[in-house]
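Let me begin by presenting the structure, written as structure tokens, before commenting on it.
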Amino acid sequence: MGSPVNAVGLQDSFGRIMGDLRISVTDRCNFRCLYCLPDTEEASNFYRNQQEDAGSKTAKRLIRYPWKPKKDILTFEEIERFTRIAAGLGIEKIRITGGEPLLRSGIADLISNIRAIPGIKDVALTSNGFLFRRYAQQLKDAGLSRMTFSLDSLDADNFEKMTGRKGLQDVLDSIDLAKQLGFDPVKVNAVIIRNLNDHELEDLVQFGKNRQISMRFIEYMPLDHAKAWQKTMVITGREMIDRIQSSFDIEQVPPSNPSETAKRWKHKDGQGEVGIIASVSEPFCQQCNRLRLTADGQLRTCLFSHHEHDFKAHLRDGSADQAIIDQLKTVVWGKESGHKIGHEDFVQPDRTMSFIGG
Ligand code: SAM
Ligand code: SF4
């Protein structure tokens, strides 16, 4: 029987070694995605209709998300220190996310400082793309090369229904600019939800193919603030790929590393790639090497954890690095074997995706 103290780097009790840290730099967002921070009339109507169709009488009221006070959000210095310590223990890949990370002023400076940390080999950023054009060059100059955008619809009305904002053209322009500036890869995430945007699946594949972009189709996960998720709204990865295969000439690509979240297919004519992230129907917990630091300095060992581990306290109380190293090793050792979506005893965590960082 091992122990966290003897563990190599950040190893858990199941032998998984952590290499990937996702950092949410803010819980705030300028969008109100229906599957994340729903608060519009349209979102409310969608969920009400789905619930009525499913025979449920308890329609969900959408409750506005209370942003965390700024004093509770980690400073860039605190994030950088935590990242340096984690890198010393084997973390190599960083994804900056949120909330909307481009709302955090000075984000390019954070990226450039994280890139300079010894051991960090890869820094990526996930954004809804609305503000990207304003910061694109700064981000590039800071050394960011990997960009992931979120785009769930190519129809202006449906885009507004899904995000709560008018902004389709801004996001499309951002994606094009990222390609022009040479960000590589440029990926686009789309959450596919039954009766909402599932009719756009093939158009979104064609969009990626036209631009030679990696499209990532994500199953809707129970991480919405309204807790209105229902299994019936999930289009499974199997269903998505069956449909895509019947319209496009694609072939499966072997995983580039065992902890990859997406199963990937490439267009046989070389025009881009399609990935499926089937976290609900085909969880990939056995290979999970990811940790998540929330905007307020809590470490989560799983998207669906019910327990968080407070690192903000140590980062603010004058603790030496060794105390943080010891805490980190102990927390990682206790990482859960996997999540329980689909099990009868699954309980949705209180924190939303916007806080955890997707
Ligand atoms: N605001 C940025 C954005 O939307 O790209 C970054 C943060 S967002 C939480 C990161 C990713 O999580 C997005 O691609 C979003 O589509 C995804 N996401 C959010 N809520 C989700 C849910 N309930 N199920 C599946 N994916 C979700
Ligand atoms: Fe904001 Fe991203 Fe959540 Fe949409 S998915 S509400 S853009 S944090």
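Just follow the structure's listing: the first ligand is 1, and inside any ligand the first atom is 1. Every heavy atom of this structure was used, including side-chain atoms; hydrogens, water molecules and symmetry mates were not.
- Remark: side-chain polar atoms of D72 are not paired, donor with acceptor, to backbone N or O of K68 under 3.5 angstrom.
- Remark: ligand 1 atoms within the under-4.0 Å shell around heavy atoms of T97 are 6 (C), 7 (C).
- Rounding to the nearest 0.5 angstrom, the gap separating the NZ atom in K268 from the CZ atom in F248 is 14.0 Å.
- Looking at atom 3 (Fe) of ligand 2, its nearest protein heavy atom turns out to be C36 SG, 2.4 Å.
- Less than 4.0 angstrom separates some heavy atom of G99 from each of these atoms of ligand 2: 8 (S).
- For the pair R95 and L21, the minimum side-chain heavy-atom distance is 4.5 Å or more.
- Ligand 1 has no N or O atom lying under 3.5 Å from any N or O atom of G98, backbone or side chain.
- For ligand 1, the atoms sitting less than 4.0 Å from at least one non-hydrogen atom of V191 are 16 (O), 25 (C), 26 (N), 27 (C), numbered in the order shown with element in parentheses.
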For the pair S153 and E200, evaluate side-chain hydrogen bond (donor to acceptor under 3.5 Å, both in side chains) and give the outcome as yes or no after the intermediate values. CA-CA 7 Å; S153 172; E200 295 198 55; 2.6 Å; yes
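- The closest approach between E219 and ligand 1 falls below 4.0 Å for a heavy atom of the residue.
- Atom OG of S247 sits about 11.0 Å away from atom CG of D242, to the nearest 0.5 Å.
- Checked by atom type and distance alone, the side chain of K335 pairs as donor or acceptor with a backbone atom of T301 at under 3.5 Å.
- Inclusion of N189 in the set of residues having an N or O under 3.5 Å from an N or O of ligand 1 is warranted.
- Close approach of ligand 1 to C36 (heavy-atom distance below 4.0 Å) involves ligand atoms 20 (N).
- Considering backbone and side-chain N/O of S150, one or more are found under 3.5 Å from N/O of ligand 1.
- In summary, the atoms of ligand 2 found under 4.0 Å from a heavy atom of C29, numbered by their order in the structure, are 1 (Fe), 6 (S), 7 (S), 8 (S).
- Each of K209, Q212, Q206 was compared with Q271 under the side-chain hydrogen bond (donor to acceptor under 3.5 Å, both in side chains) criterion, and only Q212 meets it.
- Heavy atoms of I218 found under 4.0 angstrom from ligand 1 belong exclusively to the side chain.
- None of N128, T26, N30, T126 except one satisfies the side-chain hydrogen bond (donor to acceptor under 3.5 Å, both in side chains) rule with E100; the exception is N128.
- Taking distance alone, with nitrogen or oxygen atoms compared against 3.5 Å, G99 approaches ligand 1 more closely than that limit.
- Interatomic distance, F31 CZ to C36 SG, rounded to the nearest 0.5 Å: 12.0 Å.
- Atom-to-atom distance recorded for H309:NE2 and T294:OG1 is 11.0 Å, nearest 0.5 angstrom.
- Among protein heavy atoms, the minimum distance from atom 6 (S) of ligand 2 is reached at C33 N, 3.3 Å.
- For the pair E100 and ligand 1, the shortest N or O to N or O distance falls below 3.5 Å.
- The N/O atoms of Y35, backbone and side chain alike, include one that comes under 3.5 Å of an N/O atom in ligand 1.
- Contacts of S127 with ligand 1, taken as heavy-atom pairs under 4.0 Å, involve the backbone alone.
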